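Just so you know, these numbers come straight off a predicted model, no measurement behind them.
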Amino acid sequence: MARRACSLAQYVRWISPHSVGGSFLPVSEERVYAYISYLREEKLAPTRAAGLIETFNMASSLLGASALGRRGPAPRAAARRQTLERFIS
């Protein structure tokens, strides 16, 4: 649970200045993809992207998918690609 809370806190810290009203909800594919792109550009740990996707998956199963908003496949694919690039490089 602490790992999930940390992933969410990192995302919230990043999204707050980038969103209207400073809220991280609703979670959208565009916002999550932008965050994952930011992680890649800054060369931050690829596990951050995977951890965030896992956090959202857990939250949606506990709270229901509608509580988080609509998410598509692009962030999940970007997180996987970022993790794989770590092992290929």
[atom1] of [X] to [atom2] of [Y]: how many Å apart, nearest 0.5 Å?
X	Y	atom1	atom2	answer
E54	S7	CD	OG	7.5 Å
W14	R31	CH2	CZ	9.0 Å
Q10	L39	CD	CG	8.0 Å

For this session: Please identify each residue that fulfils side chain to side chain contact (heavy atoms under 4.5 Å, CB included) with E42, with sequence neighbours left out.
Result: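 Partners of E42 by the side chain to side chain contact (heavy atoms under 4.5 Å, CB included) criterion, ordered by chain and then number, come out as Y38, L44.
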Exercise. When Y11 is tested against each of V32, I36, T55 for side chain to side chain contact (heavy atoms under 4.5 Å, CB included), which residue passes?
Worked result: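 So, applying the side chain to side chain contact (heavy atoms under 4.5 Å, CB included) to Y11 and each of V32, I36, T55, only V32 qualifies.
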For this session: Report yes if the side chains of L52 and Y35 come closer than 4.5 Å at any heavy-atom pair, otherwise no.
Result: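 A side-chain contact exists here, since the closest heavy-atom pair is under 4.5 Å.
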Exercise. Would you say L8 and F56 make side-chain contact, with heavy atoms under 4.5 Å?
Worked result: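 Touching, per the 4.5 Å side-chain cut-off.
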